[in-house]
Number of protein chains: 2
Amino acid sequence: MNKETEFITTPITREDIPQLDNIELLFFAYRDFVGDADRILAEYGFGRAHHRVLYFVNRKPGLTVAELLEILQITKQSLARVLPQLIQSDHIIQATGTNDRRKRLLYPTRKGRDLVLALSAPQSRRIDNAFKSTGRNADTLVMKFMKAMIGKATGN
Amino acid sequence: MNKETEFITTPITREDIPQLDNIELLFFAYRDFVGDADRILAEYGFGRAHHRVLYFVNRKPGLTVAELLEILQITKQSLARVLPQLIQSDHIIQATGTNDRRKRLLYPTRKGRDLVLALSAPQSRRIDNAFKSTGRNADTLVMKFMKAMIGKATGN
DNA sequence: AAAATATGTCAGCACTATTGACATAAATAT
DNA sequence: ATATTTATGTCAATAGTGCTGACATATTTT
């Protein structure tokens, strides 16, 4: 019986996957991009989840817990490990809603603002530097591309 | 004592972080991009780690364990959970090196090749569609940008 | 008064990744 | 020939992030 367990020795190519190169580039670009923040987060004993929460609270101060969950697409239980830590470390403050007192509005403190700026700085720099090497109006085009990348998968 | 615990109510802006919009776009773009594969992986009981291993073994059939660890930037112990599963499920085969018999050369099977193609297809489609909406020569420019995004962080 | 909403919390599980320590086989150096 | 280095594997413990299900509390709406 021919049970030679078929090896494949040829690599996948653009023939197989048209956007092969870009898939790979996106993978490495994102890895190095988040790596910038990871190094700083580690000093605080925080992880990426902390970063994301801190980021969106700074982006939209006063947002509610439900809104945050919606943006991050995580569950309440996941947030429950991370948010209390950010509150206890005085990076985020919770305020009871005035209209609806069930709601918890999330605000950054000065400390929280400072940290998010420190985390974003190297990422912003990396993008800035990348644009410098791509020449004029790359900015507009890349943004257009990125926007088009966002959303549910298409069937075709 | 004025311990009003200073709130910050203003959002961060492009003033604070020049590439704010692109940071966000990259975050959402990547999330949806990997989401394409996540749905398929879940059917096989695999995670992203399996995907990455399978991808690079298909990209460079015959690569060694050490090379794979180098590319993925993970430790041997992390791979030790994932690789045996892919071997047992007949997606990857290990062959002893001929020159150096300490080495384990990793090859995809037919099944492994088929799976990596199935995983990459929706990702490739997403990128393709994104380019359709950005017009001509976006491809070259975006690739140039992505390449420039890769590497160690810069000090400036 | 009853139902719905917003949030919190407890318990348990899964996946990915880490470090440190130790083991084995094979190649290389002395 | 012996010693060391290299490539890989494995065991044990820990951390971070996410999930589901169940239940509790406060507040608002019906």
Side-chain angles (χ1 to χ4, degrees), chain A residues 27 30-31 34-35 37-57 62-89 92-107, chain B residues 27 30-31 34-35 37-57 62-89 92-107:
Chain A
F27 170 69
Y30 192 79
R31 186 185 65 179
V34 296
D38 284 348
R39 262 167 263 118
I40 300 170
L41 287 164
E43 297 169 21
Y44 290 78
F46 289 154
R48 287 181 192 176
H50 298 87
H51 186 183
R52 292 197 287 270
V53 169
L54 194 60
Y55 179 86
F56 285 106
V57 169
L63 92 174
T64 65
V65 170
E67 283 166 350
L68 186 56
L69 295 177
E70 173 65 23
I71 291 173
L72 297 178
Q73 290 185 191
I74 57 170
T75 59
K76 169 175 63 164
Q77 294 92 328
S78 294
L79 186 63
R81 227 179 301 97
V82 150
L83 183 56
Q85 289 176 20
L86 287 165
I87 290 168
Q88 210 177 6
S89 64
I92 288 177
I93 288 180
Q94 265 184 334
T96 299
T98 47
N99 290 357
D100 187 338
R101 295 182 50 218
R102 290 171 305 179
K103 292 183 178 173
R104 298 287 171 270
L105 310 184
L106 305 174
Y107 292 94
Chain B
F27 169 69
Y30 192 79
R31 187 184 66 177
V34 296
D38 284 349
R39 264 167 262 117
I40 300 170
L41 287 163
E43 297 170 19
Y44 291 78
F46 289 155
R48 286 180 192 176
H50 299 87
H51 186 184
R52 291 196 288 269
V53 169
L54 193 60
Y55 180 87
F56 286 106
V57 168
L63 91 175
T64 65
V65 170
E67 284 166 349
L68 186 56
L69 294 176
E70 172 66 24
I71 291 172
L72 296 178
Q73 287 185 194
I74 57 170
T75 59
K76 176 174 56 163
Q77 294 91 329
S78 291
L79 187 62
R81 229 177 321 97
V82 150
L83 183 56
Q85 289 175 19
L86 287 165
I87 291 167
Q88 212 179 3
S89 63
I92 288 178
I93 288 180
Q94 263 184 337
T96 299
T98 47
N99 290 357
D100 188 337
R101 297 183 47 221
R102 290 171 304 180
K103 291 183 178 175
R104 298 286 172 271
L105 312 183
L106 306 174
Y107 292 93

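Computed from a prediction, not measured in an experiment: that's the story for all the values here. Each chain gets a letter, A, B and so on, in the order its sequence line appears, and its residues count up from 1.
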Could you give the side-chain donor-acceptor pairs of residues 67-74 of chain B under 3.5 Å, partners two or more places apart or in another chain?
residue, atom, partner, partner atom, Å
B/E67, OE1, B/T64, N, 2.9
B/Q73, OE1, A/R31, NH2, 3.3

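- Judged by atom type and distance alone, A/Q77 does not reach the base of D/dG18 through any side-chain donor-acceptor pair under 3.5 Å.
- Among the nucleotides C/dA17, C/dA26, C/dT9, the one closest to the side chain of A/A80 is C/dT9.
- The phosphate of C/dT16 has neither OP1 nor OP2 within less than 4.0 Å of any side-chain N or O from B/S78.
- Ring-plane geometry between B/Y30 and A/Y30 is classed as parallel, the angle between the planes falling under 30 degrees on a 0 to 90 degree scale with a further cut at 60.
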Contacts under 3.5 Å, N or O only, protein and nucleotides 1-8 of chain D:
residue, atom, partner, partner atom, Å
D/dT6, O4', B/R102, NH1, 3.3
D/dT6, O2, B/R102, NH1, 2.6
D/dT8, OP1, B/V65, N, 3.4
D/dT8, OP1, B/R104, N, 3.2
D/dT8, OP2, B/A66, N, 2.8
D/dT8, O4, B/K76, NZ, 3.3

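- The phosphate of C/dA17 has neither OP1 nor OP2 within less than 4.0 Å of any side-chain N or O from B/T75.
- Within 4.0 Å (heavy atoms only), B/Q73 reaches sugar-phosphate atoms of the nucleic acid but no base atom.
- A 4.5 Å side-chain heavy-atom check between A/V65 and A/K76 finds every atom pair outside the cut-off.
- Applying the salt bridge (Lys or Arg N to Asp or Glu O under 4.0 Å) test to B/R102 and every residue at least two apart in sequence or in another chain returns B/D100.
- In this structure, B/D38 reaches neither bases nor backbone, as no heavy-atom distance under 4.0 Å exists between it and the strands shown.
- Partners of A/F46 by ring pair (Phe, Tyr, Trp, His ring centres under 6.0 Å), not counting sequence neighbours, listed by chain and number: A/H50, A/H91.
- For A/R39, the side chain to side chain contact (heavy atoms under 4.5 Å, CB included) criterion is met by A/D36, B/A153, not counting sequence neighbours.
- Taking a 4.0 Å limit (strictly below) on heavy-atom distances, residues 40-52 of chain B reaches DNA chain C at B/G47, B/R48, B/A49, B/H50, B/R52.
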